[in-house]
**Q** 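For reference, the structure I am asking about is given below.
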Amino acid sequence: MNARTMFATFFLSLLLVNTTMAQKPYETTIDFKRMKRPAVCMQVYASAEAADKALYEELAKEGLPSRNLGDFREYANVTFSKFGKENITIYTAVRKADKNYPNTSFVYILVSNSSGVFIKSDTDPQMVQQVKNYLENYHIAAKRVDADLQIERQIDLITKGDKYLFNLNRDSLDLEKKRKDIEIKINENKNNLQMQRTEIKRQEQILDNLRRKREEMD
């Protein structure tokens, strides 16, 4: 079993476990355009990056055009069959959970009707329930994307590790070659030292002989 298969199996097992742990969507409010707006929220066991990517991809599959609006994403004047037949504007946002829960995030969906009024259960309970139903199904996609991203990051780490290992092996071979070259030079130097010592002794002997001969001339 290769590394990719092992990590895929591991993270998909986490997906199956955490799927049963997902909390139910609930109504809340969120600050939007300097006001608290009604929204449907769901806590998902996925990073904010994965949750946002999954939601964007799921809505893109439905052919809904979007644009970024600060830290929100806007789907202006669309008809989305899963939210009914009305012309609406959808806003989505993803927030990180507490820093103690790095792989948990909160997904918000806000919907305003054709009159620009944001829906809530008091005014449109049917659409609020449709949004909740959508989020309950969506969280599985979020977990899949989260698992894919974690696998990609882990593979990237392994790839970088393999590259670093390759460089270390290459450096090791280079250093080994240099070590051998140095050892050869050290041995050559030792031989040269010994030869030079012998040569100096020989030259000194010649000098002594010359001096002796010179003294004999006096």
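Predicted model only: the values in this text are computed from it and were never measured.
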**Q** Looking at Asp181 and Lys177, is any side-chain nitrogen of the basic one under 4.0 Å from a carboxylate oxygen of the acidic one?
**A**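 A salt bridge links Lys177 with Asp181.
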**Q** When you measure from the side chain of Ser172 to the backbone of Leu168, do you find a donor-acceptor pair of N or O atoms at a distance under 3.5 Å?
**A**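 Checked: no pair found.
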**Q** Return the orientation label for the Phe32 and Phe118 ring planes: parallel under 30°, perpendicular over 60°, tilted otherwise.
**A**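 Geometry flag for Phe118 against Phe32: perpendicular rings.
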**Q** How about CZ on Arg211, more than 12 heavy atoms from neighbouring residues, nucleotides or ligands closer than 6.0 Å, or not?
**A**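 Open: at most 12 neighbouring heavy atoms sit under 6.0 Å from CZ of Arg211.
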**Q** Considering non-hydrogen atoms only, spot the tightest contact between Tyr134 and Glu58 and give its length.
**A**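 Closest approach of Tyr134 to Glu58: OH-CB, 3.4 Å.
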**Q** Does this structure show an ion pair linking Arg153 with Glu49, if we count only N-O contacts that are shorter than 4.0 Å?
**A**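 Answer for the salt bridge query: yes.
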**Q** For the residue pair Ala142 and Ala54, what are the closest heavy atoms and their distance?
**A**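 Scanning both residues, the minimum pair turns out to be CA-CB, 3.6 Å.
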**Q** Set out, in order, the CA-CA distance, both residues' side-chain angles and the distance that settles side chain to side chain donor-acceptor pair (under 3.5 Å) for Glu188 and Asn192, then state yes or no.
**A** CA-CA 6 Å; Glu188 288 178 349; Asn192 290 335; 5.8 Å; no
**Q** Do any N or O atoms from the side chain of Thr89 and from the backbone of Ser112 form a donor-acceptor pair under 3.5 angstrom?
**A**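 A pair under 3.5 Å: no.
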**Q** Can you name the nearest heavy-atom pair linking Leu110 to Pro38, along with the distance?
**A**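 Closest heavy-atom pair between Leu110 and Pro38: CG-O, 3.9 Å.
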**Q** Distance-only, no hydrogens or angles: does the Asn113 side chain make a donor-acceptor pair with backbone N or O of Gly116 under 3.5 Å?
**A**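 Yes, the answer is positive, given that a donor and an acceptor are paired below the 3.5 Å cut-off.
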**Q** If I take atom OG1 from residue Thr28 and atom NZ from residue Lys36, how far apart are they, to the nearest 0.5 angstrom?
**A**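 Between Thr28 OG1 and Lys36 NZ, I get 8.0 Å after rounding to 0.5 Å.
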**Q** Using the rule given for side chain to side chain contact (heavy atoms under 4.5 Å, CB included), can you reason through Ile88 versus Met127, listing the C-alpha separation, both sets of side-chain angles and the distance that settles it, and then say yes or no?
**A** CA-CA 11 Å; Ile88 56 175; Met127 187 175 293; 4.0 Å; yes
**Q** Taking the six-membered ring for Trp and the single ring otherwise, decide whether the centroids of Phe80 and Tyr75 are under 6.0 Å apart.
**A**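 That pair fails the under 6.0 Å test.
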**Q** Quick check on the hydrophobic clustering: are Tyr108 and Phe83 connected, directly or via other members, by side-chain heavy-atom contacts under 4.5 Å?
**A**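 Hydrophobic grouping puts Tyr108 apart from Phe83.
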**Q** Tell me if the NZ atom of Lys132 is crowded by more than 12 foreign heavy atoms within 6.0 Å.
**A**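 Counting neighbours around NZ of Lys132, more than 12 heavy atoms of other residues, nucleotides or ligands fall under 6.0 Å, so yes.
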**Q** What pair of heavy atoms forms the shortest contact from Leu135 to Pro25, and how long is it?
**A**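 Where Leu135 meets Pro25 most closely, the heavy atoms are CB-CG, 4.0 Å.
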**Q** Is a side-chain N or O of Thr159 found less than 3.5 angstrom from the main chain of Ile155, in a donor-acceptor match?
**A**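 Yes: the side chain of Thr159 pairs with the backbone of Ile155.
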**Q** Would you check if the side chain of Asn191 reaches a backbone N or O of Asn187 as a donor-acceptor pair within less than 3.5 Å?
**A**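 Confirmed, Asn191 side chain pairs with Asn187 backbone.
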**Q** Does a sphere of radius 6.0 Å around OH in Tyr56 hold more than 12 heavy atoms from other residues, nucleotides or ligands, not counting ones at 6.0 Å or beyond?
**A**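 No - once you tally the heavy atoms of other residues, nucleotides and ligands closer than 6.0 Å, there are 12 at most.
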**Q** Can you name the nearest heavy-atom pair linking Val107 to Ala51, along with the distance?
**A**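 In terms of heavy atoms, the two residues are closest at CG2-CB, 4.0 Å.
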**Q** Before giving the answer on side chain to side chain contact (heavy atoms under 4.5 Å, CB included), spell out for Phe72 and Ile30 the whole-Å C-alpha distance, their side-chain angles and the decisive distance to 0.1 Å.
**A** CA-CA 11 Å; Phe72 287 79; Ile30 186 172; 3.9 Å; yes
**Q** If only atom types and distance count, is the side chain of Asp156 paired as donor or acceptor with the main-chain N or O of Glu152 below 3.5 Å?
**A**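 Not confirmed, Asp156 side chain does not pair with Glu152 backbone.
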**Q** Quick check: closest heavy atoms across Pro65 and Val78, and the distance to 0.1 Å?
**A**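 Closest approach of Pro65 to Val78, heavy atoms only: CD-CG1, 4.1 Å.
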**Q** List the steps, then state whether side chain to side chain contact (heavy atoms under 4.5 Å, CB included) holds for Ile200 with Glu204.
**A** CA-CA 6 Å; Ile200 288 174; Glu204 287 175 343; 3.6 Å; yes
**Q** Strictly below 4.0 Å, N to O, side chains only: are Lys180 and Glu183 in salt-bridge contact?
**A**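 Looking at Glu183 together with Lys180, the answer is no, because their closest N to O distance does not fall below 4.0 Å.
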**Q** Is the terminal nitrogen or CZ of Arg144 (NZ for Lys, CZ for Arg) located under 6.0 angstrom from the six-membered ring centre of Tyr138 and within 45° of that ring's axis?
**A**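 No.
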**Q** Would you please test Ile206 and Gln203 for side chain to side chain contact (heavy atoms under 4.5 Å, CB included) and show each step?
**A** CA-CA 5 Å; Ile206 293 173; Gln203 295 297 333; 4.0 Å; yes
**Q** Give me the one residue out of Gln196, Lys201, Arg202, Arg197 that meets side-chain hydrogen bond (donor to acceptor under 3.5 Å, both in side chains) with Glu199.
**A**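 Answer after filtering Gln196, Lys201, Arg202, Arg197: Arg202.
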